[in-house]
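Working notes for the structure below.
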Amino acid sequence: MGLNQSQLTPEQRIKQLEQQLFDTQQALIKTRQQLFQANQKAEFFEAVIEVLKQDGGFYIVKEHSDPST
């Protein structure tokens with residue numbers, strides 16, 4: 001809405017706030033879905049690494065970058 005908040009009727013302001021609440025709730029749902037997916041991926045990769053260690057005799061070593069370079 002292009003109106004200043006002081007120019008809105010109480011009903012218009014309520015509608016504006018309801019829309020803001022809805023938008024915020026939708027953004028929260030999307031963020032939670034992304035977090036859930038990221039956690040699933042992390043668990044999958046941890047399981048793959050564990051299988052490689054146990055069944056394949058592989059060891060995954062995280063590389064550390066040299067801060068002096």
Side-chain angles (χ1 to χ4, degrees):
M1 291 184 193
L3 296 175
N4 187 337
Q5 289 183 9
S6 63
Q7 297 172 325
L8 297 176
T9 65
E11 291 81 12
Q12 290 172 322
R13 181 69 177 133
I14 289 170
K15 289 286 185 192
Q16 183 185 47
L17 292 171
E18 286 174 339
Q19 184 62 49
Q20 288 175 358
L21 176 61
F22 177 80
D23 293 344
T24 301
Q25 288 172 332
Q26 293 303 306
L28 179 60
I29 289 169
K30 184 177 180 180
T31 301
R32 284 182 175 165
Q33 289 171 340
Q34 291 170 337
L35 179 60
F36 178 75
Q37 290 172 348
N39 283 335
Q40 282 185 319
K41 288 179 183 179
E43 288 177 13
F44 170 76
F45 286 117
E46 288 173 6
V48 167
I49 290 170
E50 195 60 35
V51 168
L52 287 173
K53 284 180 182 178
Q54 290 177 0
D55 296 347
F58 293 95
Y59 290 94
I60 309 299
V61 179
K62 185 176 180 180
E63 291 184 18
H64 296 281
S65 61
D66 186 5
S68 64
T69 58

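The model shown is predicted, which means the values in this text are computed figures rather than measured ones.
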(request) Indicate if F44 and I49 have the same hydrophobic cluster label, given that clusters are the connected sets of ILVMFWY residues with side-chain heavy-atom separations under 4.5 angstrom. (result) yes
(request) Looking only at non-hydrogen atoms, find the nearest pair between Q12 and Q7 and report the distance. (result) OE1-O, 4.2 Å
(request) To the nearest 0.5 Å, tell me how far Q25 CD sits from L28 CG. (result) 8.0 Å
(request) With the side chain counted from C-beta on, respond yes when L21 and E18 share a heavy-atom pair under 4.5 Å apart, and no when they do not. (result) no
(message) As an exercise, state the distance from NZ of K15 to CG of L17, rounded to the nearest 0.5 Å.
(response) 11.5 Å
(message) Please give me the minimum heavy-atom distance between L8 and Q16, naming the atom from each residue.
(response) CD1-OE1, 3.4 Å
(message) Please report the interatomic distance CD1(I14) to CD(Q19), rounded to the nearest 0.5 Å.
(response) 14.5 Å
(request) Answer with yes or no whether the hydrophobic clustering places F45 together with V51; edges join I, L, V, M, F, W, Y residues whose side-chain heavy atoms lie under 4.5 Å apart. (result) no
(request) Would you tell me whether N39 and E43 have side-chain atoms, one donor and one acceptor, within less than 3.5 Å of each other? (result) no
